[in-house]
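Index from 1, following the sequence. On a predicted model such as this, the values are computed, not experimentally measured, just so you know. All ligand and atom numbering here is 1-based and tracks the order in the structure.
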Amino acid sequence: MKLQNCLNQLFRTFACQLVLGLFLLPGLAQSQNLLTNTPGRHSLSLGGSWNYIVDPYQTGYYNYRLEPYDQQKEPSTSAFFMNHHARDKTELVEYDFDKSASMTLPGDWNSQKENLQYYEGTVWFKRSFDYPDLRAGRRLFVYFGAVNYRAEVYLNGHKLGLHEGGFTPFNFELTTLLRPRDNFLVVKVDNQRFKEAVPTLNTDWWNYGGITREVSLIEEPPTFIQDYLIQLKKNDGNTLAGHVRLNAAPDGEAVQIEIPELGLKHQLVTHGGYAEFEIPAGKISYWSPESPKLYEVLVSTRHQRLREDIGFRTISTAGPNILLNGKSIYLRGISIHEENAQRGGRAYSEADALVALTWAKELGCNYVRLAHYPHNEHMLRLADKMGLLVWEEIPVYWTVDFASAAALKSARQQLTEAITRDKNRASIIIWSMANETPPSDLRNHFLRKLIEHSKTLDTTRLLSAALERHEDKGDPSTQIIDDAIGEQLDIVAFNQYIGWYGGKPEDAPKVKWDIRFNKPVLMSEFGGSALQGLHGARDERWTEEYQEYLYQQTLLMVQAMPQLRGLSPWILSDFRSPKRLLPGIQDGWNRKGLISNRGIKKKAFFTLRAFYDKMATQYP
Ligand code: GCB
């Protein structure tokens with residue numbers, strides 16, 4: 001009897017692991033399988049109206065013993081992902097997507113529904129669709145631009161996988177579960193903050209929840225082009241280098257790379273679904289902010305052809321200089337959060353991206369810092385077209401749990417997904433690992449792992465992180481930049497708020513800087529808050545005059561810093577932050593924008609613009 005019990009137990013454990021494996025494996029495997037150049041693929045948007053259920057107790061996920069339904073062999077019809085409807089009048093069913101409210105996706109829930117403004121927790125989304133025409137052998141994927149923070153995705157009652165990280169894309173294959181009609185896709189979204197998440201519990205921005213970027217169905221042939229890289233080789237403006245990866249393929253699959261305008265046609269043959277190449281670039285025109293030249297690139301196999309507009313430029317450093325196509329440049333930048341302040345909520349559309357980048361251009365920028373997480377792909381594609389250099393960042397922000405293996409795993413995954421998605425964008429010159437993280441051995445280890453990891457994914461960009469300065473104990477007028485992680489970075493960037501969080505604006509030009517690296521240096525943030533329309537003396541907090549004066553004084557300091565190769569002041573426009581609570585002034589907004597949440601420019605906008613106009617002529 002004892003033996004029988006033991007065998008039963010063993011069987012249950014095995015069965016449980018098998019079920020867990022079946023449910024979870026696709027999710028774990030997904031980030032290697034990210035489809036890139038999605039705008040160039042055959043796809044169908046699932047944007048529009050989705051039904052949703054707000055579920056703060058996760059009633060649709062756990063039974064009353066708090067056991068997850070999706071880890072049971074035959075999930076109960078009480079599980080919301082079963083999208084069950086009562087078969088007759090006797091059956092008890094306590095949810096109904098079709099009778100629940102709806103919201104428009106992509107979009108966050110906080111800005112769309114007043115009662116969800118502060119909500120952090122689980123919301124279930126459901127959308128039904130038909131897909132009658134999937135030809136034999138073809139494959140179908142569901143692609144999410146981003147879901148904040150944790151997404152569990154189910155089709156027709158079966159789990160496709162799980163994704164964590166609120167600002168990067170992921171996809172799951174649907175093919176075997178698909179029906180011609182009446183499919184139901186259910187997504188459980190949870191934006192609850194937690195310590196080991198990236199970002200962690202504490203941030204200075206709104207934790208917008210939801211399916212915040214586009215959702216689409218992408219159809220592929222049986223053997224398809226998963227991903228490719230095509231950029232100028234590191235430090236070599238005459239060679240195009242990269243690789244093509246098929247989803248899986250026998251050896252010997254032929255791939256063709258074409259750039260018609262350059263008369264370039266190159267044949268590759270895959271080994272294990274993968275091929276690398278180096279091709280003479282010929283008479284190529286380099287991409288730059290002044291001349292953002294993009295070429296039509298075609299990548300094809302006998303099954304499919306993908307097209308994409310790609311620019312080519314080199315980026316490197318020499319001592320304190322940043323060299324774009326071999327020429328020293330000064331980065332006239334601005335930091336940007338991904339928010340449409342006027343409409344309210346997370347920015348998601350190309351039109352949103354155009355508003356922000358047009359403002360940056362008006363400000364005289366040649367560069368933007370996309371803070372504090374990877375932005376929507378629209379931003380990068382537009383930056384490529386408009387000629388803006390880009391700093392892209394992952395949300396390793398402030399007090400991420402550097403001791404946690406789960407946090408490191410998540411940060412690595414977000415970095416992988418960001419670089420995988422954006423590595424062909426000429427605009428991106430910097431991958432940033434972190435923002436204002438407190439130095440310690442654990443932090444250094446964590447960031448080193450990320451630095452090593454990013455080098456395995458892309459060697460052509462410069463690596464940086466927004467660090468902090470500290471005061472010289474013996475001489476308070478001296479500020480030191482010596483964060484040990486700077487040794488591993490190509491560019492040392494630091495944030496400073498002299499005149500706002502400490503001291504007065506007029507202290508700034510008196511500061512002596514002791515920067516202990518022979519590398520290019522960027523001031524990745526400075527600034528102060530002003531309520532647009534509030535006027536007063538230049539020493540009166542919150543007035544436009546205070547902010548203007550702070551910019552004037554900081555820019556005097558900036559001009560006396562010979563190692564500095566650029567700035568990205570904080571920030572283009574006011575943005576929502578639950579930490580900013582001063583009534584009548586902040587009311588839930590961080591007011592450091594140069595433009596208000598109504599789209600009105602503050603005085604400091606023009607101060608910075610005048611400085612950038614001057615820099616553009618001095619440092620063309
Ligand atoms: C910082 C942070 C940024 C904040 C900003 C502020 O140093 O990097 O996320 O929003 O300061 O306004 O205090």
Side-chain angles (χ1 to χ4, degrees), residues 148 166-167 193 197-208 333-339 341 346-347 356 368-375 391-400 411 430 432-439 443 447 464-471 479 481 483 485 489 491-503 505 508 521-532 541-544 546-547 550-551 554 566-582 585-597 602 604-605 608:
N148 190 33
F167 302 97
R193 286 168 293 129
V198 179
T200 182
L201 293 164
N202 198 19
T203 63
D204 186 24
W205 72 81
W206 207 270
N207 178 26
Y208 290 112
I334 190 72
S335 296
I336 304 180
H337 256 300
E338 190 175 50
E339 218 179 30
R346 253 294 152 257
V368 289
R369 174 187 178 200
L370 302 184
H372 280 303
Y373 36 76
H375 286 212
W391 154 308
E392 181 157 314
E393 177 168 341
I394 52 167
V396 176
Y397 182 87
W398 288 353
T399 54
V400 158
I430 298 170
S432 171
M433 304 291 115
N435 180 75
E436 291 184 355
T437 51
R443 193 282 318 241
L447 295 191
S464 193
L467 307 174
E468 290 178 312
R469 40 108 197 186
H470 66 91
E471 208 171 85
Q479 295 289 333
I481 297 176
D483 189 325
I485 204 68
L489 301 171
I491 295 185
V492 173
F494 69 98
N495 300 348
Q496 67 78 28
Y497 282 87
I498 296 165
W500 187 256
Y501 290 127
V521 177
L522 297 177
M523 196 180 286
S524 33
E525 287 179 27
F526 75 84
S529 295
L531 180 64
Q532 185 274 320
R541 290 267 177 178
W542 313 111
T543 61
E544 288 196 39
Y546 189 110
Q547 190 190 40
L550 186 145
Y551 269 71
T554 308
L567 346 158
S568 47
W570 195 253
I571 186 167
L572 184 64
S573 54
D574 291 353
F575 62 96
R576 280 224 175 255
S577 168
K579 294 173 80 68
R580 307 293 174 174
L581 300 168
L582 185 66
I585 301 281
Q586 293 176 312
D587 299 313
W589 294 89
N590 184 315
R591 297 286 183 200
K592 293 191 187 70
L594 294 175
I595 300 175
S596 77
N597 55 307
K602 305 179 195 174
F605 180 97
L608 185 62

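- Shortest contact from atom 12 (O) of ligand 1 to any protein heavy atom: Lys592 NZ, 2.6 Å.
- Counting heavy atoms under 4.0 Å from ligand 1, residue Trp500 does not touch it at all.
- For ligand 1, none of its N or O atoms has an N or O atom of Trp398 under 3.5 Å away.
- Counting atoms of ligand 1 from 1 in the listed order, those under 4.0 Å from a heavy atom of Phe575 are 10 (O).
- Near Arg580, with a cut-off below 4.0 Å to any heavy atom, the atoms of ligand 1 are 6 (C), 12 (O), 13 (O).
- Side-chain N/O atoms of Arg469 and Gln496 include no donor and acceptor closer than 3.5 Å.
- Applying salt bridge (Lys or Arg N to Asp or Glu O under 4.0 Å) to Asp204 and the options Arg580, Lys592, Lys579, Arg591 leaves one that passes, Arg580.
- Within the structure, ligand 1 has Tyr501 among the residues with a heavy atom less than 4.0 angstrom away.
- The protein atom (non-hydrogen) at minimum distance from atom 7 (O) of ligand 1 is Glu436 OE2, 2.3 Å.
- Under 4.0 angstrom from ligand 1, there are no non-hydrogen atoms of Ile571.
- Using the six-membered ring where Trp is involved, Trp206 and Tyr208 have ring planes that are tilted, between 30° and 60° apart.
- Nearest non-hydrogen protein atom to atom 10 (O) of ligand 1 is Asp204 OD2, 2.5 Å.
- Residue His372 approaches ligand 1 through these ligand atoms, each under 4.0 Å from one of its heavy atoms: 3 (C), 8 (O), 9 (O).
- For Trp570 and His372, the distance between ring centers is under 6.0 angstrom.
- Which parts of ligand 1 touch Asn590 is read off a 4.0 Å heavy-atom cut-off, strictly below it: atoms 6 (C), 10 (O), 12 (O).
- Using a 4.0 Å cutoff on heavy atoms, Tyr397 counts as a contact of ligand 1.
- For Tyr546 and Trp500, the ring centers sit closer than 6.0 Å to each other.
- Here the CZ atom belonging to Arg369 is positioned 13.0 Å from the CE atom belonging to Met523, to the nearest 0.5 angstrom.
- At the shortest separation from atom 8 (O) of ligand 1 among protein heavy atoms lies Glu525 OE2, 2.7 Å.
- Looking at Asp574 and Ser596, their side chains never bring a donor and an acceptor atom within 3.5 Å of each other.
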